[in-house]
Structures are given as C-alpha cells and as structure tokens.
Amino acid sequence: MQLLPGFRDFYPDDCARRNYILETWRSVARRYGFVEFDGPVLEPIELYKKKSGGELVGQLFDFTDKGERHVALRPEMTPTLARMVAARERDFKKPLKWFCVPQFFRYEKQQRGRLREFYQLNCDILGEPSPAADAELVAVVIDLLRGFGLGEKDFVVRLSSRTAWQEFFARAGGQPEDEYEFFQIVDKAERNPPEKTDAALAKFGLTAQQVLDFMRSKTATAELAPILADLTARGLGGFVEIDYAIVRGLAYYTGVVFEVFDRSKNERALAGGGRYDKLLSLMSDGKTDLPALGFGMGDVVLANLINDTPAAKAQLDAWLARERAADVYVVIAKEERRPEALALVQRLRDAGQRTDFPLTAAKIGKQFQTAEQLGARIAVLVGDEWPQVKVKTLATREEQFIAADAVLACFQPST
RNA sequence: GUGGCCGUAGCUCAAUGGUAGAGUCCCAGAUUGUGAUUCUGGUUGUUGCGGGUUCGAGUCCCGUCGGUCACCCCA
C-alpha cells in the first residue's frame with residue numbers, strides 16, 4: 001500500500017525531527033507569554049465557507065459524515081479561533097495571546113515546501129489595536145526562528161501594510177469596493193510583466209510604473225514607523241525590511257501584513273500573517289468586535305531551511321543526539337545473573353535513568369556495540385564480580401568496580 | 001487543475017532490445033568478559049502498476065499511479 005500523496009510517515013528519526021520543531025515553537029511562544037489552545041480537527045464546512053466565500057472549498061479535504069453533515073479537515077485555524085473567542089470573549093482578559101500547533105490538511109498538488117498535511121504554529125493577539133501588538137507579533141516570529149539557530153543572514157521579515165496600499169489607492173481615486181481586486185493586482189505585479197499589470201490597472205487609471213515605484217519606496221508609513229522603532233529598541237531591527245510588495249492573498253487582512261523569507265530565496269515563505277481587525281465581527285455576525293492579528297509558520301519549509309543552514313543543522317543534530325541517547329546500558333555478562341541485572345535495571349529506571357538491556361542472551365561484544373549504538377553514556381556490566389558491577393564510561397573507556405547497591409549514587413546529582 | 005523530467009533491492013545507483021547487478025544497510029560468524037577497522041557468509045526484487053510491439057522488454061510504444069520541478073494557488 002502506498003501513502004496518500006502529500007502525506008508522511010514519521011519513523012522514529014522523522015518523528016524526533018518533527019518534535020524538535022514543535023517543542024521549540026512551544027518553548028519560544030510560551031517565553032513570549034502566549035498560551036496554548038486547540039480545537040477540533042474536523043469542522044462543519046460552513047465555518048470555512050463563511051470567511052472565504054467558498055473560493056477555498058476546492059482545496060479542502062471534505063466529505064459527508066454518517067449523519068449527513070458536510071464536514072472538512074481543518075485547513076487553517078483562524079475561523080476556529082474566531083469562533084472560540086467570540087463565544088467566550090468576556091471570559092478572557094485582553095489582550096489575548098494564544099498559540100496553537102495544529103496539523104492542517106489542504107487538498108493541493110504537493111511540491112517543495114508544500115504537502116497535503118503539515119503542522120503550523122499559529123500565534124494570535126486579540127483585543128489590542130496598538131502598534132505595540134504588531135511589534136510584539138513580529139518579535140516573536142523573529143525569536144521563533146532564532147530559536148532554531150537561524151540569524152539575520154538566514155532570514156528576513158518583509159513588513160508591509162494594506163493600509164498603505166488603501167491610501168495609495170484612495171489618492172488615485174479608487175473606490176473602497178475595488179480595493180481587493182487592486183490588492184490582487186499589486187500582489188502579482190512583481191511576478192507579472194509590466195504590460196499585463198498595466199492592462200489590469202487601466203480601469204483604475206493607474207500604471208504599473210506607479211505601483212512599482214511605491215512598492216520599491218522603502219520608507220515606513222506613519223503606521224509602520226512605531227513598529228520599526230519598537231523592534232529596533234529590542235535589537236531586532238536588522239531582521240526587518242519595509243517591503244510593500246507584500247500584500248498577501250486573503251481578503252480579510254486590514255492593516256499590517258508581513259511574510260518571512262529565507263535570504264537565499266530558495267524556499268517559499270517561512271511564515272506570514274498580519275492584522276485582521278474586522279474578522280471576529282464578521283465571523284460572529286457583529287456580536288464580538290475585537291481587533292486581532294496573527295501569523296502562521298509551517299513545519300515543511302522551516303525543516304528545509306534548517307537542513308540547508310549549517311548552524312541550524314548542527315543545533316538540530318545536537319538536540320537529536322540528546323533526545324535519543326540512553327543514559328545507561330546494563331550488560332549481562334553472565335546469564336545466571338539476569339535476575340540481579342533485572343533488579344538493577346528496575347532501580348535505575350525508577351530513579352529516572354533512561355536504561356536499556358538485552359532482552360535475550362547475547363555476546364558481550366554485541367552488547368557493548370548495542371550500548372554504543374543507543375548512545376548510552378554508561379555501561380554497567382553484571383557478571384562474575386557480583387555483588388560488585390563494572391561501571392564503564394563508554395566515551396573514555398574507563399572502568400571501575402562498584403558495589404551494585406552503590407550504582408545509583410553514581411547517577412545522583414552530586415550536591 | 002495544466003505542462004516538463006523521473007520511477008530497478010530498505011537506501012544510493014548500474015545493466016547495447018538478449019541469464020537483473022554493485023555499493024551501503026541489516027543479520028550471523030571469525031571473536032565463549034568489551035565497542036573500531038577488516039575478513040567470511042546470508043536475507044532482500046511481480047524492474048511502480050496494466051496493456052501493446054517483438055523470437056525475446058528494466059530498455060521501445062500507450063495508458064495509469066506515484067515522485068519532482070514550473071505554472072495556478074497559497075488560509
């Protein structure tokens with residue numbers, strides 16, 4: 001049987017790599033005061049139709065359940081978050097700083113950095129309109145990536161704003177109802193030939209040159225300046241560039257938007273997000289109106305970049321080695337001593353030592369080889385010397401005899 | 001969803017249209033109380049799948065599934 005396209009098996013080594021990413025995400029998010037939440041993997045399809053107007057339904061894993069409900073595997077978290085917050089908004093002190101690490105499912109053709117199943121860290125701040133919240137969000141993005149050993153030379157946050165483009169569009173005489181169409185044109189202006197952009201902009205009385213000129217003006221607007229100042233005060237200014245080419249595809253963004261890219265531009269976006277001040281109101285039919293902003297960061301592109309960045313790769317490998325290493329391997333040199341060895345194994349495990357031993361009789365050399373492969377730091381040999389055992393530090397090959405009862409003391413922290 | 005390239009052992013890859021191979025990994029032994037190297041032996045295949053051409057197909061043709069890259073999209 002083959003895997004379904006775009007889905008992954010996680011063998012122990014893959015699972016450890018995945019957990020490294022998830023644990024690092026959780027650790028940094030908590031450091032910033034974000035608290036973890038989660039929701040259902042399966043949702044009624046209307047939840048996703050409401051926001052997107054059905055455009056994204058073609059990329060959902062959806063089906064009809066046995067109760068005739070039309071359901072979908074979650075492709076994103078923002079609708080669920082909006083529903084949850086809107087339902088119990090008064091229970092939470094503002095601003096809310098919530099994160100989650102959900103597995104998402106999207107029915108798309110897979111390619112580099114994009115699968116049909118993936119994990120994505122989501123961090124959201126709700127109930128805070130101040131630019132301080134925007135800066136806090138960008139700061140946590142930066143520190144999340146720094147947490148993997150990535151630095152200023154490895155990635156950059158491209159900071160932009162829908163507001164800036166709204167004002168640009170209004171100055172040119174554009175109507176608010178045409179804004180979204182205009183954003184879509186701007187979003188593609190960098191990739192499309194100027195003639196094509198000119199043609200699309202003609203109805204608004206604009207030219208590709210005007211749009212590209214503004215796009216390349218790196219001066220911060222009054223909205224973005226305090227965010228930059230905040231990040232500079234934190235010492236994170238070097239990670240951020242103003243770049244009005246970032247518009248993002250979705251209709252619901254209202255203000256600051258940003259995307260994070262690797263400097264070499266080999267990968268697709270590492271993370272992306274922005275403000276969606278009107279979305280909660282939209283999702284709750286006006287019952288709840290909270291300003292909000294957030295971003296998502298997927299595991300697939302991030303893993304690619306870590307593997308291609310030596311310092312980050314080294315940090316990952318060190319973590320993996322620590323993660324899988326056994327503390328102690330008990331070598332049973334004489335099968336007659338197996339009961340005593342089992343007792344020792346049990347005591348070591350009770351004391352919290354990661355302990356392994358041969359389940360069946362095996363040659364000594366084989367057992368040491370196994371101990372080595374398991375990454376054990378210490379081998380304890382049980383044999384003729386009982387009630388003494390031989391304690392060997394595998395890295396240095398030093399051995400010493402110790403009374404079996406005293407072995408545990410070797411592993412206690414010496415205070 | 002559209003198009004280019006690619007599918008041979010668990011992995012990396014060979015094989016002019018003529019008997020499917022090597023390295024690696026794994027297992028065992030050399031070595032009955034010590035890890036490396038080395039040496040010896042061993043397991044592993046419906047050549048992705050299904051048709052077709054041919055005396056004969058891993059090889060050529062068609063289809064299909066999967067992978068990959070680009071486009072579309074990117075919550």
Side-chain angles (χ1 to χ4, degrees), chain A residues 1-9 11 13 43 47-61 72-82 102 104-116 118 120 122 124 184 187-188 191-192 246-253 257 259 261 266-274 276 279 283 294-298 300-301 304 329-337 358 361-386 389-399 401:
Chain A
M1 285 290 287
Q2 282 179 317
L3 287 178
L4 287 169
F7 285 77
R8 298 173 283 182
D9 282 330
Y11 287 85
D13 188 56
E43 292 273 20
L47 184 69
Y48 304 113
K49 282 184 171 169
K50 191 165 188 172
K51 190 176 83 173
S52 71
E55 289 166 21
L56 298 171
V57 171
Q59 289 171 15
L60 292 175
F61 267 96
L73 289 167
R74 63 184 176 197
E76 59 167 328
M77 207 63 194
T78 309
T80 300
L81 171 65
F104 288 152
F105 304 87
R106 296 178 185 173
Y107 198 89
E108 298 182 286
K109 190 160 177 176
Q110 67 162 314
Q111 51 187 269
R112 180 174 176 84
R114 189 167 80 184
L115 303 173
R116 289 183 168 183
F118 56 94
Q120 189 185 79
N122 280 245
D124 292 89
Q184 297 288 65
D187 194 25
K188 293 176 174 57
R191 297 190 295 275
N192 284 341
I246 301 297
V247 183
R248 295 189 62 73
L250 286 189
Y252 63 67
Y253 286 112
V257 289
E259 292 184 355
F261 287 87
N266 285 333
E267 308 288 343
R268 38 182 80 238
L270 285 156
Y276 49 94
L279 187 64
M283 296 294 296
F295 70 88
M297 178 185 293
V300 183
V301 175
N304 287 345
Y329 193 86
V330 173
V331 174
I332 303 177
K334 283 288 182 294
E335 267 308 294
E336 308 88 84
R337 292 296 181 194
K363 293 182 177 176
I364 308 298
K366 183 81 190 159
Q367 293 188 49
F368 274 97
Q369 194 180 343
T370 303
E372 179 89 351
Q373 283 169 351
L374 291 175
R377 198 165 46 83
I378 299 287
V380 176
L381 184 144
V382 177
D384 289 334
E385 303 83 358
W386 191 266
V389 296
K390 215 184 271 185
V391 175
K392 180 166 184 172
T393 304
L394 288 167
T396 61
R397 303 189 175 225
E398 290 170 50
E399 294 184 327
F401 286 108

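Proteins come first, then strands; the chains are lettered A, B, ... in the order of their sequence lines, and each starts at number 1. None of these values were measured; they are calculated from a predicted model.
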With a cut-off of less than 4.0 Å, is there a side-chain N or O of [X] near OP1 or OP2 of [N]?
X        : N     : result
A:Lys188 : B:C73 : yes
A:Gln367 : B:U34 : no
A:Gln369 : B:U34 : no

For the side chain of [X], counting heavy atoms from C-beta on, which of [options] is nearest?
X        : options             : value
A:Gln111 : B:C72, B:G33, B:C73 : B:C72
A:Leu381 : B:A70, B:G33, B:C74 : B:G33
A:Lys366 : B:A75, B:A28, B:C73 : B:A28
A:Lys109 : B:C72, B:U2, B:C73  : B:U2
A:Arg268 : B:U34, B:A75, B:C74 : B:C74
A:Lys334 : B:A75, B:U34, B:G33 : B:G33
A:Arg112 : B:U34, B:A75, B:C69 : B:C69

Scan every strand shown for a Watson-Crick or G-U wobble partner of [N], both distances under 3.5 Å, and answer none if you come up empty.
N     : answer
B:G50 : B:C62
B:C5  : B:G67
B:U40 : B:A28
B:A14 : none
B:C73 : none

Subject >> A:Glu267/A:Arg112 salt bridge by N-O under 4.0 Å criterion >> reply: yes

Atom-to-atom span, [atom1] of [X] to [atom2] of [N] - whole angstrom:
X        : N     : atom1 : atom2 : result
A:Gln110 : B:C73 : CD    : P     : 20 Å
A:Arg116 : B:A75 : CZ    : P     : 18 Å
A:Glu259 : B:C74 : CD    : C1'   : 9 Å
A:Asp9   : B:G66 : CG    : C1'   : 14 Å
A:Leu81  : B:A75 : CG    : C1'   : 13 Å
A:Phe7   : B:G66 : CZ    : P     : 13 Å
A:Glu108 : B:C73 : CD    : P     : 12 Å
A:Asn192 : B:C73 : CG    : P     : 9 Å

Compare all side-chain heavy atoms of [X] with those of [Y] and state whether any distance is below 4.5 angstrom.
X        : Y        : answer
A:Trp386 : A:Lys334 : no
A:Asp124 : A:Tyr276 : yes
A:Val247 : A:Tyr253 : no

Could you tell me whether [X] contacts a base, only the sugar-phosphate backbone, or nothing, with contacts defined as non-hydrogen atoms closer than 4.0 Å?
X        : value
A:Gly294 : nothing
A:Arg397 : base
A:Arg114 : base
A:Gly249 : sugar-phosphate
A:Pro5   : sugar-phosphate
A:Glu385 : base
A:Glu399 : base

Subject >> Under 3.5 Å donor-acceptor, A:Arg106 side chain and A:Arg116 backbone >> reply: no

**OP:** Using the closest heavy atom to pick a nucleotide of RNA chain B for each, name whichever of A:Lys392 or A:Gln373 lands nearer the 5' end.
**Re:**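 Its nearest nucleotide lies further toward 5', so the answer is A:Gln373.
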
Original post:
Is the number of heavy atoms from other residues, nucleotides or ligands within 6.0 Å of OH (A:Tyr107) greater than 12?
Top reply: no

Taking the [atom1] atom of each, how far is [N] from [M], in whole Å?
N     : M     : atom1 : answer
B:G56 : B:C72 : P     : 48 Å
B:A28 : B:U37 : P     : 16 Å
B:A57 : B:C62 : C1'   : 15 Å
B:C13 : B:G51 : C1'   : 29 Å
B:C61 : B:A22 : C1'   : 31 Å
B:C11 : B:G67 : C1'   : 16 Å
B:G33 : B:C27 : C1'   : 23 Å
B:A75 : B:G4  : C1'   : 29 Å

Original post:
Under 3.5 Å, is there an N or O donor on one side and an acceptor on the other linking the side chain of A:Lys363 and the base of B:G33?
Top reply: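 No, no donor-acceptor pair under 3.5 Å.
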
Subject >> Base of B:A75 paired with side chain of A:Gln120 (donor-acceptor, under 3.5 Å) >> reply: no

